Amino acid sequence: MVLSTTLGFPRIGRQRELKKATESYWKGEISEKELVETGAKLRGENWRLQQEANIDLIPSNDFSFYDQVLDMCAIVGAVPPRYDWNGDKIGLDTYFAMARGKSGTGAVTPMEMTKWFDTNYHYIVPELTKDMSFNLASLKPLQEFREALQLGIRTKPVLIGPVSFLLLSKLKEDSFDQLDLIDSLLPVYEQLLRGLSEAGAEWVQLDEPCLVLDQTPEVLRLYRKTYDRLKQAVANLKLFLATYFEGLRDNLNTALELSVDALHVDLVRVPEQLEAILSFGLPEGKILSLGVVDGRNVWKNDFEQSLAILERAKSALGSERVMVSASCSLIHTPIDLELEEGLDDEFKNWLAFARQKLHEICVLTRALNEGHDAILGELETNAAALGSRRSSARIHNPAVKTRVGQIRPEMSRRGTSFKERKQLQDEKLGLPKLPTTTIGSFPQTREVRSMRQRRRKGEVNQEEYESFVKEKIRQVIELQENIGLDVLVHGEFERNDMVEYFGEQLDGFAFTRHAWVQSYGSRYVKPPIIYGDVRRARPLTVDWSRFAASLTNRPIKGMLTGPVTILQWSFVRDDQSRPETCRQIALAIRDEVLDLEKAEVPIIQVDEPAFREGLPLRRSDWQEYCQWAVESFRIVTSGVKAETQIQTHMCYAEFDDVIESIAAMDADVIFIEASRSDMELLKVFTDFKYPNQIGLGVYDIHSPRIPSSEEIVELLMKASRVLRPEQLWVNPDCGLKTRSYEEVEPSLRNLVGAAHRVRQALWG
Ligand code: GLN
Ligand code: ZN
């Protein structure tokens, strides 16, 4: 028999129950008991849902009150000393303190958070020190296994594998090798696995996604040693090793030879992996779990294509050695398509969310076990749905395809050098040295948010809404003039989420009402779905920028989001390559740039905060990505005249990997986050001799703190010693949308004051 399995199911609840419960708990509105009960209820629902769908191996411990890597820290007792943990079992308060920090008495900073591979999920980064010890400090996997067993379901507990756990951590002191900790870490895993086995577990899933990354021979050796040891310690427990998000490539033979009972591979990202595995040979007795249903996107599976892959595996390996699954955990997809009453039937028929994917996995499994005839009806409806999508006029716009086909190299070149442009722009803009500006958004007060919401619900009409936004723009222009900023913005009051804002106005994007996906902790996002050729039917932002410009004699900048970021933060088409979709978006935004120029907006900023996170997981793929990502940005920005200034913004400080691409984007000015890194990143920009202008963030907008003029002066002096002072701008790290005016106004005054003092000091 071929078995079906999943690697994990969304834990947030159909109605975002987990968010509501955790946030209420944090506010003290519900008790720990109530929170714990909500968790149990959600787990029970998920198990039952999967059981009803006919999934054979159902995961447990995929539930988490915050994050699965943080759970793993708790399980192995990797609690940094600042949380004053007494060494007993870890309670919820210590757990949440690690996740979120604590303010007031006993204030403590949270652990760091970073992106989970190339997804938009963020995990808590474990902290390692040389002499730390581990011990089994949370019995969560055991408790949840027993909880499911009581409901009659023998689950497959999921753990982060020990090698990935170490590799995903950060070192809190140098001069040691994190891999050395494996000897003290493994006994805890062994103890836990033994416990699970005694409790009745047959399978345990160990996630080792680091196996898809570039690894040294030393790491690969450690993988072998680790799994040999684990297998020896718990010989009667079956180990299911999960890899996902990329192919195993040069790590394939290591993965195949590990002492485990089943290996899971992502055949959505890399379908060719199967042939590589079969030709290398799957060692005797081992099971291959085939991730054929896309665990990270929202499209209906192509049964015909999946069955071809599955049958190939089955005929080569036999039924007993094949499992059917999703490519990765389903936590990266929304829960249930049935909730989307707002979507029309034709469109809905192209989609599958987590719950629908369970059904897909089981139908495919059934086809393998009972023959394709057993699912004839399913095969027909599936083919019909896919056929309707392929040929739909809603998806295909010949004009867009023709236009992309006609992109010429000149369209992604400014035509004049930076030096020439700079001179023309200086003449036109008449800015002082060290010009001051912001990144775009001003505080989104309750008033602003509620007005947008009321417009959405139809409680205010378009006219009332527009006059409200205009009044806000008027106020923010006056404020900026009063503070003395040099380049002004309109404040972005009309936007909630920027990708949503642009997507809503472009053809080819769809929006859902309930399709939430966890981003981190209790923060969920609702990414738009790019389903068709992207086209801009009418100007998007021009009226707001033109209105802002009419209110002041100072230069205004237009505010747009770049194509790479829009692509990165959406569910994308799977019937067309990412670069192709990115170029379509680029052409749409290019039209907007040209219309802004026509409306005499002298400066246009195109934000690309997601540029770096789009980097592929393997270094050898970076160049290709950078090439099309940079080209897309340049398609957007290269149509304008030399005197129109192009600016961009990226809100992170790790530029080592992408500095060349950033220079190749050839923006006249780039604004980056810098205040927290104490200008360390300057080194990257100076080593590389970054040619164009740079605004280094001197105000940390992630903190409520108001920076003093003195400290900003110091940062600017530091910067001006390594970069040419003529290159520099003065600005906050990122948009001000999450801050309050009480913080923003004095901070910006100090920023402007500091710029004046440094101008005085440098040029007299
Ligand atoms: N212009 C945007 C803002 O100021 C940029 C947002 C971002 O970098 N994520 O809000
Ligand atoms: Zn930013």
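Any value given below was found using the heavy atoms of this structure, including those in side chains, with hydrogens, waters and symmetry copies removed. Just so you know, these numbers come straight off a predicted model, no measurement behind them. Order of listing sets the numbers, starting from 1, for every ligand and every atom in it.
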Contact table ligand 1 N or O to protein N or O, d under 3.5 Å:
unit_1	atom_1	unit_2	atom_2	d
ligand 1	1 (N)	I439	O	3.1
ligand 1	1 (N)	E492	OE2	2.9
ligand 1	1 (N)	D607	OD2	2.6
ligand 1	4 (O)	I439	O	3.3
ligand 1	4 (O)	S441	N	2.9
ligand 1	4 (O)	S441	OG	3.1
ligand 1	8 (O)	H649	NE2	3.0
ligand 1	10 (O)	S441	OG	2.7

- [ ] Have a look around the Zn ion (ligand 2) and list protein N/O/S atoms under 2.8 Å, or say none.
- [x] H649 NE2, C651 SG, C734 SG

Task: is_close_aromatic(H332, F245), centroid dist under 6.0 Å - done: yes

Listed pairs under 3.5 Å, donor-acceptor, residues 598-607 side chains, sequence neighbours left out:
unit_1	atom_1	unit_2	atom_2	d
K598	NZ	D595	OD1	3.4
Q605	OE1	K557	NZ	2.7
Q605	NE2	I439	O	3.0
Q605	NE2	D607	OD1	2.6

Open item on the list: Check whether R739 reaches the backbone of I701 with its side chain - one donor and one acceptor, N or O, closer than 3.5 Å.
Closed with: yes

Open item on the list: Determine whether a donor-acceptor pair (N or O, by modelled atom type, separation under 3.5 Å) exists between the side chain of E597 and the backbone of V640.
Closed with: no

- [ ] Assess whether side chain to side chain contact (heavy atoms under 4.5 Å, CB included) is satisfied between L70 and S64, documenting all intermediate values.
- [x] CA-CA 9 Å; L70 179 61; S64 177; over 6 Å; no

Open item on the list: Which residues pass the ring pair (Phe, Tyr, Trp, His ring centres under 6.0 Å) test with F611, not counting sequence neighbours?
Closed with: Y625

Open item on the list: Can you confirm whether more than 12 heavy atoms, excluding those of Q475, are under 6.0 Å from its CD atom?
Closed with: yes

TODO: Hey, could you give me the CZ/CZ distance between F547 and R474, rounded to the nearest 0.5 Å?
DONE: 4.5 Å

TODO: Look only at the side chain of N750 and the backbone of P707, and say whether a donor-acceptor pair between them is shorter than 3.5 Å.
DONE: yes

